[in-house]
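Here's the structure we're looking at; comments come further down.
Below, chains carry the letters A, B, ... as their sequence lines are ordered, and counting in each starts from 1.
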Amino acid sequence: MTSKKQAEEEKLERMRHSASHVMAEAVQSIFPEAKFGIGPPIEDGFYYDFDLPRPLTPDDLPDIEDKMREIIKANQPFIRREVTKEEARKLFSAQPYKLELIEELPDDKLSLYQQGAFLDLCRGPHLNSTGEIKAFKLLNIAGAYWRGDERRPMLQRIYGVAFDTQEALEEHLKRLEEAARRDHRKLGKELDLFSIQDEFGPGLVLWHPKGAIIRRQIEDFWKDEHAKRGYELVYTPHLARIDLWRTSGHLEFYQDYLYSPMDVEGQKYILKPMNCLGHILIYKTKLRSYRELPIRYAELGTVYRYERSGVLHGLSRVRGFTQDDAHIFCRPDQLEEEVISVLELALFMIDTFGFSNYQLLLSTRPEKYAGTVEAWDEATDILRRALERSGLKYDIDPGEGVFYGPKIDIKFESALGKAWQGPTIQVDFNLPSRFDVTYIGEDGKEHTVVMVHRTVLGSMERFLATLLEHYGGAFPVWLAPVQVRVIPVADRHLEYADKLETELKNAGIRAEVDRRAERINQKIRQAQLEKVPYMLVVGDKEVASSTVSLRLRSGEQLASLSLERFKEAAKKAIASRAKDVAIPG
RNA sequence: GCCAGCGUAGCUCAGUGGUAGAGCAGCGGUUUCGUAAACCGCCGGUCGUCGGUUCGAAUCCGACCGCUGGCUCCA
C-alpha cells in the first residue's frame, strides 16, 4: 500500500470511529438510561453495542440518523483527556460494561474522548470535530453477545457505513445492491437451479434439473482431472457404525456436529460427517507395500453435519453436502511432491472456473494438537517447501492448523470481492495412528503412512453458490444449463428450428427451441433472463439461406452465420471451457 | 442456539379488526410478429402451523416451524 493510500485509510478509519461515537451520543439522547458496550470502526463503517431498555426496530434508525446529523451540524470538538483508573471508575460508575473494560486495561492512565454530552472510554484517535464526518448511513440492527461470548448478555448492535464523500457512500450502497442482485439464493430461484424447502428440511438441498446439469459438468470435469492425476475414484456409504467414529475420535471432538445415532438391528449407526474413514478402511483391506504408494482415493462424498439453525445460509452453509474429497496415503519422503501436485491441481481448478484473486495461507500448530512437536515442525516445513517450490506467495496463519495437523488453505475472491474458502490441504497425524494405517517399507518393516486430506472445490453446494455469485448467474458456455436457445420468428420456422436443435444436440450442445406462440421480443427477453449464452434467431431469411442469426446474451449480434460455423465455434468454446462468450471470429 | 425483523397465489408484492387483491407465470382463445414484456378471457390462496382474545382475525396476543440480518460456531 502506498503511504498516501495508507494515510487516506487512516483518515477514513478515524472518521468511522468518530461516527460511532456520534451514533452513541444520538442513542444516549434518545435513551438516557442506555448502557454502552464498545464501538469500533470496521471495514467500510462502524458499529456500537448498546444495552437498551427496549429492543430497537428498523424504524428507530432514521430517528438516530436525524439526531446524528444534528450533532454533526453542531460541529462539536472531540476532546481527549487522560484520567487515572480511579477517576474513570467514578465517571463510568453507571456503565457496567465500561467498568469491566477499565479493570482489564494494563495502564493506570486511561484516555477519554468527549464530544457534546457524550463521554467515552476510548483509545482514539478521532477527528477534530463532529463536523468532519462527511457521509454516513445506518444499515442494520443486530444482536451481539457482550465480548463475543454466548454466555454473556446480548447487546443491541447498530451497524453503519461512512465515507468521505456522498458519492463514495452511494457507490458503496450500489455495491451492496449489486451483491443482493447476485445473491446465489435469489439467482438459484430465478434460474430454477435448486431449492431448500421447509417441508423436506432446512439445510437440505434439492437440485433441480438445471442445477443438476451444472453440477454434472463440474463433477465430470473434476473426475477427469483426478483420473488424469493418478487418483482412483471410490464410493462409500452415507451410514456407518458408530464405533468407527469412536475409534477415529470424531465422537469426542466433533460430537456437536454429529446426528443422533439410529438403531439398526440393535447396532448403532450414524450419518457420516466425513469421508475419510471409508477411504482408510479401503486402504486397510490388504497389506500395502511402499511400492504402491502414494495411493490417492477420491470421492464426491456426501456428508451430514448438524449445524445450528441460525447459521444455515442458502447453499453456503447446509446440513448435507457433497465434498470433492480425496485422501492421499504416502510415505514421508513423498509428501512434498504430493502437496506440490495438489497445489497445482487446486490452482488449475480455480483458474478454469474463472477466479483470479486468491490468497494462500499456511496454518501452523494450534494449542490443542495430536502428534509430536517434531512431527508438526517437520510436516509444516514440508508444506512450506512445497509452497516455495511452487513459486507461490503465502502468508502464515499462526496456530490455525486443525488439531490433527498443519494445513494450507486457499481463499479466493469472487467478482464482487467476497472471500470464499477454497481448496484446503491438511496433513493428518491422528487417523493413521488411531487406525493403524501402515505400509511395509523397503526394510521389510511396518511404517505408519502419512495421510493428507484435501478438497479443491470445497463442496458442490458451496461451490455452486460461489460460482453463481461470481458470474451473477451468467455462466460460461460449458457450464450453462441451456447453451443455445433457438428462437423461431414465426410458427412457420418451427420445422427449421427443430432441425437446428437436433443437429446441435447431436454435436453435444445443450440446445432447445422456444416453441411458444410468442413474439420474438418475448422469446429474446426470456432467454436473456435465463442468461442463455447463445440465441439463434431464425426467420424467413435464415430458412432461405440455411443460416442462423446469432445473438449473445451481451446483446452482440451476428447475422447470416452458417450453422456449421456456429456449431464449431460453440463446440470450441465448450471444449476449451472459455470464460467469455464471444462472436465467432 | 441467542437478539431483532419477516412469513398473503408458482414468483414479486399490496392489503392494520368487517366477505382476500395486483402484476407476472399457468391455462383457453385471437395474433404469426426480426433481437429484452402482443391482446382478450379463465384458473389460482384453509393469509406458515396450532391455540387464544373478539359478535367477527391475514390484521391483536401466545407457542411452535421456517426464512432474513447479525452474534456465537464453521473439523
Taking the basic N atoms (NZ, or NE/NH1/NH2) and the acidic carboxylate oxygens, is any pair closer than 4.0 Å for A/Arg152 and A/Glu100?
yes

Under the ring pair (Phe, Tyr, Trp, His ring centres under 6.0 Å) test, which residues partner A/Tyr259, sequence neighbours left out?
none

Atom CG of A/Leu494 and atom P of B/rC33 are separated, to the nearest Å, by 13 Å

C1' atoms of B/rG45 and B/rA22, separation to the nearest Å:
14 Å

Does the distance from a Lys or Arg side-chain N to an Asp or Glu carboxylate O, for A/Arg551 and A/Glu556, drop under 4.0 Å?
no

For a ring-ring contact (aromatic ring centres under 6.0 Å, His included) check, start with the C-alpha distance between A/Phe50 and A/Phe36, then their side-chain angles and the critical distance, and finish with the verdict.
CA-CA 5 Å; A/Phe50 310 101; A/Phe36 296 88; 5.7 Å; yes

Look at A/Glu178 together with A/Lys186 and state whether they make a salt bridge at an N to O cut-off of under 4.0 Å.
no

From B/rC71, B/rC67, B/rU32, pick the nucleotide closest to the side chain of A/Asp491?
B/rU32

Any strand, both distances under 3.5 Å, Watson-Crick or G-U wobble: B/rG5 pairs with B/rC67

When you measure from the side chain of A/Thr547 to the backbone of A/Val543, do you find a donor-acceptor pair of N or O atoms at a distance under 3.5 Å?
no

Between atom CH2 in A/Trp146 and atom C1' in B/rC2, what is the gap in whole Å?
17 Å

Presence of salt bridge, A/Glu104 and A/Arg147, under 4.0 angstrom:
yes

For nucleotides B/rG1 and B/rG18, find the distance between their C1' atoms and express it as a whole number of Å.
42 Å

Going 5' to 3' through nucleotides 34-51 of chain B, assign each nucleotide B (protein heavy atom under 4.0 Å from a base atom), S (under 4.0 Å only from sugar-phosphate atoms) or - (no protein heavy atom that close).
BBBBB-------------

Salt bridge or not between A/Arg553 and A/Glu530? Use side-chain N to carboxylate O under 4.0 Å.
no

Taking atom C1' in both B/rA57 and B/rG62, what distance in whole Å separates the two?
15 Å

Watson-Crick or G-U wobble partner of B/rG34, both distances under 3.5 Å
none

Taking B/rA4 as the reference, what is the distance to B/rG17 when you measure between their C1' atoms (whole Å, please)?
26 Å

Within residues 47-54 of chain A, residues whose heavy atoms come under 4.0 Å of RNA chain B
none

In Watson-Crick or G-U wobble terms, both distances under 3.5 Å, what is the partner of B/rC39?
B/rG29

Between A/Thr424 and A/Thr455, do the side chains contain an N or O donor and an N or O acceptor separated by less than 3.5 Å?
no

In whole Å, I'd like the distance from the CG atom of A/Leu139 to the C1' atom of B/rG5.
15 Å

Paired with A/Ser195, the side-chain hydrogen bond (donor to acceptor under 3.5 Å, both in side chains) test is passed by just one of A/Arg185, A/His208, A/Lys189, namely A/His208

Taking a pair to mean Watson-Crick or G-U wobble geometry with both distances below 3.5 Å, B/rU16 pairs with none

Hey, are A/Asp498 and A/Arg515 close enough for a salt bridge, meaning a charged N less than 4.0 Å from a carboxylate O?
yes

Would you indicate what A/Leu56 reaches in the nucleic acid, counting non-hydrogen atoms under 4.0 angstrom: base, sugar-phosphate, or nothing?
sugar-phosphate

Hey, is the side chain of A/Arg185 poking within less than 4.0 Å of OP1 or OP2 on B/rG69, counting only N and O atoms?
yes

What integer distance in Å separates A/Ile196:CD1 from B/rU68:C1'?
13 Å

Length of the CG-C1' vector between A/Asn140 and B/rC3, whole Å:
13 Å

Please give, in whole Å, the distance from B/rC71 P to A/Ile38 CD1?
12 Å

Just to be sure I understand the rule, does A/Ala144 reach a base, reach only the sugar-phosphate, or reach nothing, if contact means heavy atoms closer than 4.0 Å?
sugar-phosphate

Give me the distance, rounded to whole Å, that separates B/rC6 from B/rU16 when you measure between the P atoms they each carry.
14 Å

Under 4.0 Å between a side-chain N/O of A/His313 and OP1 or OP2 of B/rG69, yes or no?
yes

Rounded P spacing from B/rA63 to B/rC2 in Å:
12 Å

Taking only residues two or more places apart in sequence or in another chain, which ones pass ring pair (Phe, Tyr, Trp, His ring centres under 6.0 Å) with A/His172?
A/Phe163

I want to check something: taking the side chain as every heavy atom from C-beta on, are A/His250 and A/Tyr257 in contact at a cut-off of under 4.5 Å?
no

Counting only Watson-Crick pairs (N1-N3 plus N6-O4 or O6-N4) and G-U wobbles (N1-O2, O6-N3), all under 3.5 Å, who is the partner of B/rU46?
none

What distance, rounded to whole Å, do you find between the two P atoms, one in B/rC11 and one in B/rG48?
13 Å

Between the protein and nucleotides 11-16 of chain B, which nitrogen or oxygen pairs come in under 3.5 angstrom?
residue	atom	partner	partner atom	Å
B/rU12	OP1	A/Lys189	NZ	3.2

Assuming nearest nucleotide by heavy-atom distance, tell me which of A/Ser309 and A/Gly203 is located more 5' along RNA chain B.
A/Ser309

Give me, pair by pair, the N or O atoms of the protein and of nucleotides 72-75 of chain B that are less than 3.5 Å apart, along with how far apart they are.
residue	atom	partner	partner atom	Å
B/rU72	O2'	A/Glu150	OE2	3.2
B/rU72	O2	A/Arg308	NH2	2.9
B/rC73	O2'	A/Tyr257	OH	2.8
B/rC73	O2	A/Arg317	NH2	2.8
B/rC73	N3	A/Arg317	NH1	3.4
B/rC74	O2	A/Arg317	NH1	3.2
B/rA75	O3'	A/Tyr404	OH	3.3

Paired to B/rC60 by Watson-Crick or G-U wobble criteria (both distances under 3.5 Å) is B/rG52

Using Watson-Crick geometry (N1-N3 plus N6-O4 or O6-N4) or G-U wobble (N1-O2, O6-N3), each under 3.5 Å, B/rC73 is paired with none

Once you round it to whole Å, what is the distance between C1' of B/rG70 and CG of A/Leu138?
15 Å

Whole angstrom value for the distance that separates C1' of B/rG66 from CG of A/Asp198:
4 Å

